[in-house]
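Values reported hereafter were calculated over all heavy atoms of this structure, with side chains retained and with hydrogens, waters and symmetry mates removed. Note that this is a predicted model, so its numbers are computed, not measured.
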Amino acid sequence: MEISFMARQKKQRKKYRGFWIFFKLQLILLLLLIAAAAYYFGGGYAQTIAELKDDADMLVAKSNVDTFRKGETGLVYDAGGKLLKAYKGEKDAYYIKYADIPEIVEKTFVAVEDQKFYKHKGVDYLAILRAIIAMVRNGEVTQGGSTITQQLARTVYLSMDRTWERKMEEIFIARNLEDKYTKSQIMEFYLNNIYFGNGYYGIQAAAQGYFSKSIDKLDLSQVVFLCAIPNNPSLYDPVQHKKNTLSRRDRMLTSMYEQGVISLSASKEAKEEKIKLKRKKGIEKNDYVETYVNYCAIRTLMKKQGFEFQYYFDSSKQEKKYNKEFKKLYRECESSLYTSGYRIYTSINMEHQEKLQDAIDNGLSAYQDVNEEGVYKLQGAGVTIDNTTGFVTAIVGGRSQHFEGYTLNRAYQSFRQPGSAIKPLLVYTPMLERGYTPDTIVMDEPIQDGPSNANGTYEGAITIRHAVKKSKNTIAWKLFDELTPVTGLSYLKAMNFTKIDPEDERLPAALGGFTIGASPLEMTTGFATLQNDGCYREPTCITKIEDTQGNLIYTSQMDADRGRQKKEEADGIRIYKSNASRMMTDMLETVMNEGTAMGLGLGDMPSAGKTGTTNDNKDGWFAGYTRYFTTGIWVGYDQPAELPGLTGSTYPGNIWHNYMMSIHKKMTPMSFVPYIEQKQVDMDFME
């Protein structure tokens with residue numbers, strides 16, 4: 001009896017505590033709701049949200065079926081104002097009615113993107129709540145909460161601003177769309193407006209673009225393959241990243257089987273099918289100018305959104321978070337590029353472009369071997385920068401060949417070991433900042449466990465000017481050892497060399513021995529920095545972007561807020577001291593007149609440059625400049641292989657010489673700014 005009484009008391013106390021815990025939780029929740037309401041109304045959010053709802057109501061009220069058929073045409077102009085390209089949407093040409101859309105297409109998107117599509121009224125509030133909870137738990141957005149209707153609202157109506165206001169307006173628009181249009185119409189609008197990469201908007205345009213067939217002629221595997229793309233058109237680009245597209249297709253097929261949309265046998269058969277693209281001739285040919293303009297324009301739009309580019313990270317977690325944000329915004333800006341009707345003005349000089357392409361083609365014309373895909377095995381790439389403005393005027397990513405679709409632009413997408421061409425950027429100019437001069441005496445002698453010189457000889461006491469002129473490996477190695485690799489590499493990182501690896505923090509980097517390497521664009525920009533008195537200007541070809549009404553969205557020349565030229569973009573970011581850069585230029589003039597580049601000069605036009613050759617003659621480089629232009633040239637195989645006779649002074653040097661002669665023909669010779677004499681340092685450590 002006593003035990004029973006005690007048990008009842010314990011049970012009553014537990015029940016009592018449970019009641020008060022529940023009461024307290026309800027009280028806290030009530031207080032939170034009161035606080036939220038006060039914040040909502042007192043902070044002016046109620047008015048903002050009301051205005052967003054009014055805007056959404058007006059947008060949808062004015063819409064009709066034609067609203068979802070039209071895409072604005074974007075235009076790209078060269079430096080002279082001549083039209084280079086039109087980003088023309090193909091929505092009208094490939095618009096497909098709901099009745100003509102294969103049922104499996106609709107089922108695929110519903111199964112993967114929005115399983116409650118036919119149940120909700122435009123917004124899945126539980127999905128949004130789950131996304132919010134996940135965000136609070138993880139500190140970032142890890143789940144999506146957008147329905148198909150919301151995605152349509154975002155694609156057709158909204159900007160790329162990543163704000164809560166845009167999300168609220170997206171919700172209001174989605175609800176209004178569901179009130180005005182049927183589910184079938186919304187699905188029709190959605191499937192005709194989503195982006196499938198490579199300029200294709202809508203499922204029919206994608207089917208024609210990737211398979212040269214109408215969507216109703218594709219089988220299950222091909223349909224799901226296409227439906228895999230819109231989730232991330234860059235990551236799942238069938239031309240550039242086909243393996244990624246196939247992997248997502250297979251995951252989607254598994255999900256569709258688990259939901260009962262398709263049978264197990266159909267899923268297995270579709271996964272086993274090999275996908276072969278058959279792209280239409282004349283559709284979306286991406287040449288070297290186009291790929292680079294796209295790249296620069298997208299990055300410019302991302303900057304406009306406040307995105308800060310980063311190449312080095314303190315942790316893998318930080319890098320993972322950055323990459324996720326980068327890919328998301330890149331995808332949005334890429335989509336906007338094709339649909340917003342921008343007027344994009346560039347610095348591309350088509351006369352330079354054609355002459356650089358001709359110089360590379362003619363310089364490598366003796367090599368006609370091709371790989372399995374029909375691409376020339378021996379390749380070359382080059383970049384030209386206008387030294388007055390810092391803008392790219394020409395960019396060639398390979399030898400001329402006519403291929404459909406995407407073309408690898410080696411000028412900014414390929415990274416190779418730079419050989420001795422890196423020495424001025426990594427070793428010599430930094431050391432000139434520390435008191436060394438062109439006349440400083442150094443000791444050229446064998447180094448235990450170190451490099452030998454290219455010709456296997458040593459000259460004893462020589463000047464740094466002579467060491468640069470003859471590209472002495474021993475001297476670069478010793479100076480880099482004193483400077484330290486970490487310090488030397490910091491200069492490259494400051495100029496946004498994007499592939500510096502932790503393993504590069506060692507002495508072989510002084511001679512261009514990198515884990516990954518540098519691109520022709522990076523190398524050219526580095527040498528342009530020397531010519532610009534040591535100030536780095538980020539390379540781009542975008543000078544201005546306007547919207548369809550001519551309103552200025554971006555300009556490199558004027559700060560819209562302050563109405564004056566941006567100092568950072570006009571003068572650049574200080575990397576090297578002015579006098580150190582001038583001394584380096586003076587020594588690189590000696591390289592042209594007496595050194596490894598002798599015979600490659602430009603007649604009366606003063607020029608400065610440096611050769612570069614990697615081990616076993618796998619990569620050849622030449623980077624050089626005048627007061628007018630800087631040009632960098634790379635020659636080698638896509639799959640590194642020895643090319644007998646390849647040095648920086650042979651194929652790359654000759655291409656550079658022929659091209660630079662052609663673009664300087666009518667220009668008045670202009671000397672470089674002389675450096676100020678200073679006392680040389682004591683080099684006893686090398687005696």
Exactly one candidate in E170, E178, H120 meets side-chain hydrogen bond (donor to acceptor under 3.5 Å, both in side chains) with T149; the answer is E178
For this session: May I ask you to decide whether R249 forms a salt bridge with E273, counting only side-chain N to carboxylate O separations under 4.0 Å?
Result: no
Going by distance alone, is a donor N or O of one side chain under 3.5 Å from an acceptor N or O of the other, for S221 and D219?
no
field: Sub-4.5 Å side-chain heavy-atom contact between F391 and S556
entry: yes
Output for pair (C541 SG, N294 CG), nearest 0.5 Å, gives 9.0 Å
Donor-acceptor pair, side chain of D114 and main chain of I148, under 3.5 angstrom
yes
Side chain to side chain contact (heavy atoms under 4.5 Å, CB included) between L277 and I275, worked out
CA-CA 6 Å; L277 301 182; I275 297 293; 4.3 Å; yes
Using the side chain to side chain contact (heavy atoms under 4.5 Å, CB included) rule, take N231 and E113 through it: C-alpha gap first, then chi angles, then the decisive distance, then the call. CA-CA 9 Å; N231 180 266; E113 295 290 336; 4.0 Å; yes
Taking every heavy atom of I186 against every heavy atom of L177, the minimum-distance pair comes out as CD1-O, 3.8 Å
Worksheet item: Can D57 and K53 be counted as an ion pair, charged N to O under 4.0 angstrom?
Response: yes
> With distance as the sole test, does T245 use its side chain to make a donor-acceptor pair with the main-chain N or O of Y236 at under 3.5 Å?
Replying inline: yes
Item to check | Check: Y210 side chain, F196 main-chain N or O, donor-acceptor pair, under 3.5 Å | outcome: yes
Over 12 non-hydrogen atoms of neighbours within 6.0 angstrom of CZ in R248
yes
key: K304 side chain vs I553 backbone, donor-acceptor pair below 3.5 Å   = yes
Separation between CE (M252) and SG (C227), nearest 0.5 Å, reads 5.5 Å
Heavy-atom closest pair (S212 atom, K278 atom, distance to 0.1 Å) is OG-O, 2.5 Å
Would the distance check show the side chain of E319 and the main-chain N or O of F313 forming a donor-acceptor pair, the cut-off being under 3.5 Å? no
All heavy atoms of Y257 vs all of S263, minimum pair found to be CD1-C, 3.8 Å
In terms of side-chain heavy atoms, does Q204 have a donor or acceptor partner in S214 at a distance below 3.5 Å?
-> yes
Any donor and acceptor pair, going by atom type alone, linking the side chain of Y195 with main-chain N or O of N198 inside 3.5 Å? yes
Compute whether any side-chain donor of one residue and acceptor of the other, for H352 and T384, lie under 3.5 angstrom apart.
no
Exactly one of Y201, Y190, F109 clears side-chain contact (heavy atoms from CB on, under 4.5 Å) with P230, and that residue is F109
Item checked: K180, NZ atom: more than 12 neighbouring heavy atoms under 6.0 Å -> yes
Exercise for review: Given side chain to side chain contact (heavy atoms under 4.5 Å, CB included), test R343 with Y77 step by step and report yes or no.
Suggested key: CA-CA 8 Å; R343 273 43 176 169; Y77 301 93; 4.3 Å; yes
Q. Quick one: does D78's side chain have a donor or acceptor within less than 3.5 Å of a partner on K82's backbone?
A. yes
| query | Would you say S347's side chain and T393's backbone share a donor-acceptor pair under 3.5 angstrom? | reply | no
Exercise for review: Might you confirm whether atom CZ of F326 has over 12 heavy atoms from other residues, nucleotides or ligands at distances under 6.0 Å?
Suggested key: yes
So OG1 of T543 and OH of Y345: to nearest 0.5 Å the spacing works out to 9.0 Å
- Taking everything shown except K242 itself, do over 12 heavy atoms lie less than 6.0 Å from its NZ? yes
Between D386 and R537 the two heavy atoms that sit nearest each other are O-NH2, 4.3 Å
OH of Y181 to CG of N64, rounded to nearest 0.5 Å, is 6.0 Å
In short, I395 meets V383 closest at the heavy-atom pair CG1-CG2, 4.0 Å
Start with the C-alpha gap between K303 and F309, add the side-chain angles, then the distance that decides, and say whether side chain to side chain contact (heavy atoms under 4.5 Å, CB included) holds.
-> CA-CA 8 Å; K303 282 185 179 180; F309 293 94; 3.6 Å; yes
May I ask you to decide if I348's main-chain N or O and Q353's side chain share a donor-acceptor pair within less than 3.5 Å? no
Side chains of T254 and K271, donor plus acceptor under 3.5 Å
yes
The reported gap from CD in E522 to OG in S519 (rounded to nearest 0.5 angstrom) is 3.5 Å
Treating N192 as the side-chain partner and I96 as the backbone partner, does any N or O pair qualify as donor plus acceptor under 3.5 Å?
yes
In terms of heavy-atom contacts, Y322 and Q310 come closest through OH-N, 3.0 Å
field: Check: H241 and L235 side chains under 4.5 Å, non-hydrogen atoms
entry: no
One should read off an interatomic distance between L220 CG and S267 OG, to the nearest 0.5 angstrom, of 8.0 Å
- For residues E188 and Y95, is any side-chain donor paired with an opposing acceptor at under 3.5 Å? yes
